[in-house]
Amino acid sequence: MKRVLIRDLNKYLNKQVLIYGWVEGIRKLGKLKFFIIRDRSGQIQGVCDKEIENLDKLEKASVVKIFGKVKEETQAPKGIEILIEKVEILNLPKATLPFEYYRDLSLLNLKLDMLLDYRPLSLRNKKIGNIFRIQAGIIKIYREFMEKNDFLEVHTPKIVSSGTEGGSQLFKVEYFDRVAYLAQSPQFYKQMLVGAGFERVYEVGFVYRAEDHETSRHLNEYLSLDLEMGFIEDENDVMDLEVKFLKYLFRYLRKKYQEVLKEYNIELEEIREIPRIPFYEGKEILKKEYNKEILGDDLTPEEERLLCEYSLNKYGTNFVFVTKFPRNIRPFYTMPDNNPTYSRGFDLLYKGMEVTTGSQRIHDYDMLLESIKYFGYNPENFKFYLEIFKYGMPPHGGLAIGAERLTCQILNLKNIREASLFPRDRYRLVP
RNA sequence: GGGCCCGUAGUGUAGCCUGGAUAAACACGUCGCCCUGUCACGGCGAAGAGCGCCGGUUCAAAUCCGGUCGGGCCCGCCA
């Protein structure tokens, strides 16, 4: 007999079926017994009022093979249920469950630490698992969108000889008799591949940051959705593309992940335009509207939150691009603006958090060399990167989206670790 | 790297400030018995922690103090 997935049971009314799954609930009312069975596709109630071999051995989290008849039943949770006729036990749990993963999360009231310590088990919880179902959707759509726009998917090395900026936030790895590092960004490689004639490339890959911090929005290993495109006029072309992507993404999520969004109580906005506020104007807005005058060249998390609030009030969107960041807080490859204090670098903030960084890059060899020196680096270290710039590099730019951050903000999660299957942070190396 | 907070049965909490009376209470889970339409099933009963760890103060410490380990949040920095 062939296995039927639980979501397809309604096609088998009054027929004998075989299902596989986990037992998630047991309710015994004397001789009448109910079992909630779950497989990857859904849940179904099984019922039995006879003495059947193995039936009383079942515990929660047992793995079973169940034969039975599908029947309509108004009293069943989903309108149908399965009359259990035969039970085969494939595996029984060997220990008490640390928590009742099959219950409603709000009843469990578990600490994130617990969920992460028992990650595979906590992922069995539908609501938690759904974070990764929707994340897979986000990545799928990213790929689909990139392909539609004629980008080539590439995979760049994760073991590299030097970082894209300094070297302070890199993980060292032993590479035979040399020191190598884990890539903190595919930056150099994606630019080189633009110059390699591909023009448009994108990558979905882990990047590594050895930053010694412990916050709800940082991971030491995170999934970066990168893209780099040649023959642009300026950074606005890159932002235009991202807006198009986000519209496409939200439309898809609203359609395919309705249930998940509802479960998380999310109403995804209809994106029209995303305002682009130059850095210095942003600072002025903060001063005028919120009476916040924070010194410094960068935006603090509080300022980022306020700018999003401003954007929501004024433009009706949770998104806002902050453009023309001061040059000296952006990496050396960022194209300076007409006013050289500023750059053609931008961030995209969403619901108060930075989810993207991008810019137009410097494509002129001499200018790039100048910039490397201006930032105090040794051009010798970047020889492999600079090479292609000697042979006709087109004007180009690109960006990187933090996949976990985007997931986190879409679902309004509190901690970015919730959006990572097996997060690597300052203290967590297992599971 | 800086600041603040937390650590009690399998899980989530109460107790701690204002030390003591039966060496710890409640809920969920677990185990046993009962229950033929449950769906956070219900009823009755039971087991399960000596309060992260080490040390100190005290006649007396889960409660006060010090250290240590583990965890959380914020900031710097970043996606």
Side-chain angles (χ1 to χ4, degrees), chain A residues 24-36 43-50 56 59-61 71 73-79 81 83 93 95-118 121-122 164-166 168-169 184-187 205-226 294 296-305 325 329-331 346-350 353-358 399-409 414-417 419-420 425-428:
Chain A
E24 289 205 336
I26 300 175
R27 280 177 222 106
K28 295 182 178 174
L29 287 80
K31 296 230 160 45
L32 184 67
K33 291 156 192 164
F34 297 97
F35 298 86
I36 306 299
Q43 271 190 341
I44 188 73
Q45 173 168 283
V47 64
C48 186
D49 61 358
K50 295 185 290 238
D56 283 320
E59 328 167 23
K60 286 165 188 172
K71 122 183 146 170
E73 173 56 70
T74 48
Q75 293 171 96
K78 301 210 162 128
E81 64 186 5
L83 293 174
T96 316
L97 291 167
F99 51 86
E100 302 103 77
Y101 66 82
Y102 41 81
R103 286 183 154 237
D104 191 304
L105 264 187
S106 56
L107 296 170
L108 289 176
N109 190 220
L110 289 170
K111 285 182 186 141
L112 184 57
D113 202 38
M114 195 67 192
L115 296 179
L116 295 178
D117 282 346
Y118 294 91
L121 200 60
S122 66
T164 47
E165 278 108 86
S168 57
Q169 41 193 5
Q184 61 165 188
S185 153
Q187 188 58 34
F206 274 139
V207 295
Y208 301 87
R209 305 275 164 107
E211 285 150 7
D212 183 14
H213 44 213
E214 187 66 13
T215 80
S216 54
R217 60 187 193 289
H218 287 95
L219 292 167
N220 292 297
E221 176 181 64
Y222 72 88
L223 194 64
S224 184
L225 309 179
D226 270 89
I294 299 172
D297 271 344
D298 210 346
L299 293 175
T300 64
E302 189 195 9
E303 290 179 304
E304 291 179 345
R305 278 190 291 272
F325 268 83
I329 60 161
R330 303 302 278 210
F346 63 86
D347 279 1
L348 177 65
L349 310 181
Y350 177 39
M353 180 148 66
E354 184 180 334
V355 292
T356 294
T357 285
L399 57 78
I401 303 170
E404 294 87 349
R405 280 198 177 179
L406 186 58
T407 311
C408 201
Q409 294 309 86
K414 284 198 206 77
N415 193 308
I416 194 161
R417 274 163 269 203
S420 174
D425 63 40
R426 183 72 186 74
Y427 303 104
R428 189 175 289 276

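Values below: all heavy atoms of this structure, side chains included; hydrogens, waters and symmetry mates excluded. Remember, predicted model here, so these are calculated numbers, not experimental data. Quick note on labels: first sequence line is chain A, next is B, and so on, each numbered from 1.
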Quiz item: Across the strands shown, which category fits Ala403(A) at heavy-atom distances under 4.0 angstrom: base, sugar-phosphate, nothing?
Solution: nothing
Exercise. Using atom CG of Leu32(A) as one end and atom P of C35(B) as the other, report the distance to the nearest whole Å.
Key: 12 Å
Self-check item: Euclidean distance, atom NZ of residue Lys33(A) to atom P of C39(B) [Å, nearest integer]
Solution: 18 Å
Self-check item: For atom CD of Gln187(A) and atom C1' of A79(B), their distance in whole Å
Solution: 13 Å
Quiz item: Which nucleotide in the set A79(B), G10(B), C39(B) lies at the smallest distance from any side-chain heavy atom of Glu100(A)?
Solution: G10(B)
Quiz prompt | Residue Pro98(A), side-chain heavy atoms: nucleotide from C35(B), G10(B), U30(B) that is nearest | solution = G10(B)
Quiz item: If we ignore angles and hydrogens, is there a donor and acceptor under 3.5 Å between the side chains of Tyr208(A) and Gln184(A)?
Solution: no
Quiz item: Taking only side-chain nitrogens and oxygens of Lys414(A), does any of them come within less than 4.0 Å of OP1 or OP2 of C73(B)?
Solution: no
Exercise. First locate atom CD1 of Ile36(A), then atom CD1 of Ile44(A), and finally report the distance between them rounded to the nearest 0.5 Å.
Key: 8.5 Å
Quiz item: With distance as the sole criterion, is a donor-acceptor pair present between the side chains of Arg209(A) and Tyr222(A) under 3.5 Å?
Solution: yes
Exercise. Measure the distance from NZ on Lys78(A) to C1' on G37(B) and round it to the nearest whole Å.
Key: 17 Å
Quiz item: In terms of side-chain geometry, is the basic nitrogen of Lys71(A) or Glu81(A) positioned less than 4.0 Å from the acidic oxygen of its partner?
Solution: yes
Listing time: all N or O pairs from protein to nucleotides 48-50 of chain B that are below 3.5 Å?
none

Exercise. Give Ile401(A) one of three labels, base, sugar-phosphate or nothing, depending on what nucleic acid heavy atoms sit under 4.0 Å from its own.
Key: nothing
Quiz item: CG of Leu406(A) versus C1' of C78(B): gap in Å, rounded?
Solution: 16 Å
Quiz item: Given the P atoms of U57(B) and A14(B), what is the spacing between them in whole Å?
Solution: 31 Å
Quiz prompt | Donor-acceptor pair under 3.5 Å, Glu81(A) side chain vs G37(B) base | solution = yes
Self-check item: Greater than 12 external heavy atoms within 6.0 Å of Lys50(A)'s NZ
Solution: no
Practice problem: Give a yes/no on whether any side-chain N or O of Lys111(A) is located under 4.0 angstrom from OP1 or OP2 of U13(B). | Solution: yes
Exercise. Choose from C35(B), C78(B), C73(B) the nucleotide whose nearest atom is closest to any side-chain atom of Arg405(A).
Key: C78(B)
Quiz item: Are the side chain of Glu221(A) and the backbone of Val207(A) linked by a donor-acceptor contact shorter than 3.5 Å?
Solution: no
Exercise. Looking only at side-chain atoms of Asp113(A), point me to the closest of G72(B), A79(B), C73(B).
Key: G72(B)
Self-check item: Arg27(A) side-chain proximity, nearest of G12(B), C78(B), U38(B)
Solution: U38(B)
Exercise. Using the C1' atom as the reference point in each nucleotide, state the distance between A25(B) and U63(B) in Å, no decimals.
Key: 15 Å
Exercise. May I have the distance from Glu354(A) (atom CD) to A79(B) (atom P), rounded to whole angstrom?
Key: 5 Å
Quiz item: Hey, does Leu219(A) reach any base, or is it just sugar-phosphate, or nothing, if we go heavy atoms under 4.0 Å?
Solution: base
Quiz item: On a whole-Å scale, what distance lies between the C1' atoms belonging to G32(B) and G56(B)?
Solution: 46 Å
Quiz item: Is the glycosidic torsion of G50(B) within 90° of 0, making it syn, or is it anti?
Solution: syn
Exercise. Starting at atom CG of Asp425(A), determine the distance to atom P of C73(B), rounded to an integer number of angstrom.
Key: 9 Å
Quiz item: Which listed nucleotide (G76(B), G37(B), C28(B)) is nearest to the side chain of Thr300(A)?
Solution: G76(B)
Self-check item: Pairwise distance CD(Glu73(A)) to NZ(Lys78(A)) - rounded to 0.5 angstrom
Solution: 15.0 Å
Quiz prompt | Partner nucleotide, any strand, of A46(B) [Watson-Crick/G-U, under 3.5 Å] | solution = U30(B)
Practice problem: Answer yes or no: is there an ion pair linking Asp117(A) with Lys111(A), defined by an N-O contact shorter than 4.0 Å? | Solution: no
Self-check item: Asn415(A) side chain, from C-beta outward: closest of C39(B), G72(B), G37(B)
Solution: G72(B)
Quiz item: What does Asp347(A) touch in the nucleic acid at a heavy-atom separation under 4.0 angstrom: a base, only the sugar-phosphate, or nothing?
Solution: nothing
Practice problem: Round to a whole Å and report the spacing from CG of Leu115(A) to P of U11(B). | Solution: 13 Å
Exercise. For Met114(A), report the nucleic acid contact type (base, sugar-phosphate, nothing); a contact means any heavy atom under 4.0 Å.
Key: sugar-phosphate
Quiz prompt | Out of A79(B), C28(B), C39(B), whichever nucleotide has its closest atom nearest the side chain of Arg103(A) | solution = C28(B)
Exercise. For G70(B) versus C33(B), give the span between their P atoms, rounded off to a whole number of Å.
Key: 45 Å
Exercise. Report yes if at least one side-chain N or O of Ser216(A) is closer than 4.0 Å to OP1 or OP2 of C74(B); otherwise report no.
Key: yes
Quiz item: Can you find a donor-acceptor pair, distance only, under 3.5 Å between Gln45(A) side chain and U38(B) base?
Solution: yes
Self-check item: Touch class at under 4.0 angstrom, heavy-atom based, for Arg417(A) against every strand present
Solution: sugar-phosphate
Exercise. Hey, could you give me the CZ/CG distance between Arg27(A) and Leu32(A), rounded to the nearest 0.5 Å?
Key: 11.5 Å
Exercise. Quick one: label Thr356(A) by what it contacts on the DNA or RNA (base, sugar-phosphate, nothing), any heavy atom closer than 4.0 Å.
Key: sugar-phosphate
Quiz item: Would you call Asp425(A)-Arg417(A) a salt bridge at under 4.0 Å N-O?
Solution: yes
Self-check item: Pi stacking test for Phe99(A) and U11(B): under 5.5 Å apart, planes under 30°
Solution: no
